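Hydrogens, waters and symmetry mates play no part in the numbers below; they use all other heavy atoms, side chains included. These numbers were taken from a predicted model, which means no experiment stands behind them.
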Amino acid sequence: MKKVLPVILPACFMLAGCRMSSDNSNRQDLNECPQVAELRQVNTHKVVVCDPHLFKDTVILPLSHFTEELQIVKLENTAEALVSESPVIIGNHHILVNMRWSDKTPYRLFDKSGRFITNIGTFGKGPNEYMYISDQQLDEKNGRIFLLPVNSKKILVYDLNGNSYDPIPLPYQSSRSRIYVDQADSTLSVITLPLRDSRFAAPYFAWMQKLSGKIINGISSKGFELEGKHVLGGFFQIFSGNNTPEKDFLIFSFIPRKDTLYHYDMEGNRLIPQFTVDFKDNQIPIHVYWELPHHYMGDLSESEEVQPRQWTTKNHKYYVLEK
């Protein structure tokens, strides 16, 4: 089955533990690059551990290294369909464009040709309205769109015509969480920030529940807890690439620290470590990594305070490893 990746690769220049070839051909094969990671046994799991000190140079990789086909879709150019630069969710037949809080515009749904279909919900504070969204899911098979507002105890439900339905209740108020709804099994899994000393703190880091709200099982947040004041200040969030069938995630932090990319195994009720970067004793940069079907990719950067209590990142460096 083909996998559609709504990923904009940062140029095509990657750090890859490889020196440029002497013929200046502007072509590189990752198979020719030296090894920059190894499998290490961590408890009962084998984890890919990357050593950034082995990155040697910049390589140029064609997009064909990651994908077999490229399509450019021009979205409908009407007043009601206008969107800002926003993340998109790509389905087999639809394109869901993320809302922009700064523009106070809701999610917009297009078909695969770029024709505008409808708004999904409304920006605001009323019933079935939202202002900040933590996560979303496009379920074309069952004709549903799920939106999880930030710091909410319910998931908003819409169909592909924009009609709203009864929300899905959550047992705990979720802060910057990730959701996976399985309507066929009437189940839902949630991965949330494991908070400490916060009114949003939940006893579980991740849990599986019925769509009715009843908990099936969960993974305790003990041993993973984050300080609530830092989380609510926006320093942490759950990051997921959503590019593989596994429920992969990473706790992204503007406060640099050691971390790991995990898979959440719902049926086994366990977290399975997959990938991490060993910065050794050096200063840890701001970083994030994500998973593709055959690669791990990452971003290293520096923080800069542009206004009081407002930060951005700069000097980004990207790397890619074949699994």
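A salt bridge is defined here as a Lys NZ or Arg NE, NH1 or NH2 lying under 4.0 Å from an Asp or Glu carboxylate O, and Arg144 with Asp139 fails to meet this definition.
Across all their heavy atoms, Ser220 and Tyr204 have their closest contact at N-CD2, 4.2 Å. Closest approach of Pro194 to Ser221, counting heavy atoms only: CB-CB, 3.8 Å. Between His65 and Glu322, the shortest heavy-atom distance links the atoms NE2-OE2, 3.3 Å. For Asn119 against Arg108, the heavy-atom pair with the smallest separation is OD1-NH1, 2.6 Å. For Val36 against Leu321, the heavy-atom pair with the smallest separation is CG2-CD2, 3.6 Å. Val190 and Tyr264 get closest at one heavy-atom pair: O-CE2, 4.4 Å.
Judged purely by atom type and a 3.5 angstrom limit, Glu302 has no side-chain atom pairing as donor or acceptor with the backbone of Asn315. The backbone N or O of Lys154 sits less than 3.5 Å from a side-chain atom of Ser152, completing a donor-acceptor pair. Remark: the backbone N or O of Pro169 is paired with a side-chain donor or acceptor of Gln209 at under 3.5 angstrom. Of the possible polar contacts, none joining the Asn43 side chain to the His45 backbone as a donor-acceptor pair under 3.5 Å is found. Between the side chain of Gln173 and the main chain of Lys153, no donor-acceptor pair closer than 3.5 Å is present. Checking side-chain atoms of Glu140 against main-chain N and O of His93 turns up a donor-acceptor pair under 3.5 Å. In this structure, the side chain of Lys112 engages the main chain of Gly91 through a donor-acceptor pair within 3.5 Å. For Thr192 (side chain) and Ser177 (main-chain N/O), no donor-acceptor pair under 3.5 Å exists by modelled atom type.
Between the OG atom of Ser253 and the CD atom of Gln237 there is a distance of 9.5 Å, given to the nearest 0.5 Å. Atoms CE and OG1, on Met208 and Thr187 in that order, are 4.0 Å from each other to the nearest 0.5 Å. Rounded to the nearest 0.5 angstrom, Leu147 CG and Leu96 CG are separated by 7.0 Å. Rounding to the nearest 0.5 Å gives a distance of 10.0 Å between OG1 of Thr105 and CG of Leu82. To the nearest 0.5 Å, the span separating CD1 on Ile219 from OG on Ser189 amounts to 10.0 Å. Here Leu160 contributes atom CG and His94 contributes atom NE2; the two are 4.5 Å apart, rounded to the nearest 0.5 Å.
Two residues are said to be in side-chain contact when any heavy atoms from C-beta on lie closer than 4.5 Å; Arg178 and Lys247 fail this criterion. Between Lys258 and Ile284, some side-chain heavy-atom pair lies under the 4.5 Å cut-off. Ile155 is listed as a side-chain neighbour of Leu188, based on a closest heavy-atom distance under 4.5 Å. Annotation: side chain of Val47 is not in contact with side chain of Arg40 (no heavy-atom distance under 4.5 Å). In this structure, Asp51 and Val49 have side chains that are not in contact, with every pair of non-hydrogen atoms separated by 4.5 Å or more. Side-chain atoms of Gln137 and Asn242, non-hydrogen and from C-beta on, never get closer than 4.5 Å to each other. Contact check for Leu271 versus Phe224: side-chain heavy atoms found under the 4.5 Å cut-off. No side-chain heavy atom of Leu148 sits under 4.5 Å from any side-chain heavy atom of Phe146.
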TODO: Could you check Leu75 against Val97 for side-chain contact (heavy atoms from CB on, under 4.5 Å), going step by step and ending with a plain yes or no?
DONE: CA-CA 10 Å; Leu75 300 181; Val97 180; 4.3 Å; yes

TODO: Run the numbers on Asp248 and Gln274 for side-chain hydrogen bond (donor to acceptor under 3.5 Å, both in side chains), then give the verdict.
DONE: CA-CA 9 Å; Asp248 61 284; Gln274 298 292 318; over 6 Å; no

Open item on the list: As a quick check of understanding, evaluate side-chain contact (heavy atoms from CB on, under 4.5 Å) for Asn243 and Glu291, giving each step before the final call.
Closed with: CA-CA 7 Å; Asn243 289 313; Glu291 187 174 3; over 6 Å; no

TODO: Apply the test side-chain contact (heavy atoms from CB on, under 4.5 Å) to residues Asn161 and Thr118: give CA-CA distance (whole Å), side-chain angles for both, the deciding distance (0.1 Å), then the verdict.
DONE: CA-CA 6 Å; Asn161 293 315; Thr118 186; 5.6 Å; no

- [ ] Let me see the working for Val73 and Phe110 under side-chain contact (heavy atoms from CB on, under 4.5 Å), right down to the final yes or no.
- [x] CA-CA 10 Å; Val73 178; Phe110 299 81; over 6 Å; no

Open item on the list: Walk me through whether Tyr289 and Asp259 qualify under side-chain hydrogen bond (donor to acceptor under 3.5 Å, both in side chains).
Closed with: CA-CA 10 Å; Tyr289 23 86; Asp259 47 27; 2.4 Å; yes

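A continuous path of Ile, Leu, Val, Met, Phe, Trp and Tyr side chains, each step under 4.5 Å between heavy atoms, connects Val288 with Val48, placing both in one hydrophobic cluster. There is a path of hydrophobic side-chain contacts, each under 4.5 Å, that joins Ile251 to Leu300. Both Tyr107 and Val150 belong to a common hydrophobic cluster when Ile, Leu, Val, Met, Phe, Trp and Tyr are linked at side-chain heavy-atom distances under 4.5 angstrom. Clustering ILVMFWY residues whenever any of their side-chain heavy atoms sit less than 4.5 angstrom apart, transitively, puts Trp207 in a cluster other than the one holding Met266. Tracing side-chain contacts under 4.5 Å through hydrophobic residues (I, L, V, M, F, W, Y), one never reaches Leu170 starting from Phe249; they form parts of separate clusters.
Every residue meeting the side-chain contact (heavy atoms from CB on, under 4.5 Å) condition with Ser186, not counting sequence neighbours, appears here in chain and number order: Leu211.
Surrounding CD of Gln41 are more than 12 heavy atoms belonging to other residues, nucleotides or ligands, all under 6.0 Å away. Counting non-hydrogen atoms of other residues, nucleotides and ligands closer than 6.0 Å to NE2 of His316 gives a total above 12. Within 6.0 Å of NZ on Lys323 lie more than 12 heavy atoms contributed by other residues, nucleotides or ligands. Within a 6.0 Å sphere centred on CD of Glu305, heavy atoms belonging to other residues, nucleotides or ligands number more than 12.
The residue from Phe252, Phe279, Phe239, Phe275 that alone fulfils the ring pair (Phe, Tyr, Trp, His ring centres under 6.0 Å) condition with His287 is Phe279.
Between Phe205 and Tyr262, the ring centre distance reaches or exceeds 6.0 Å.
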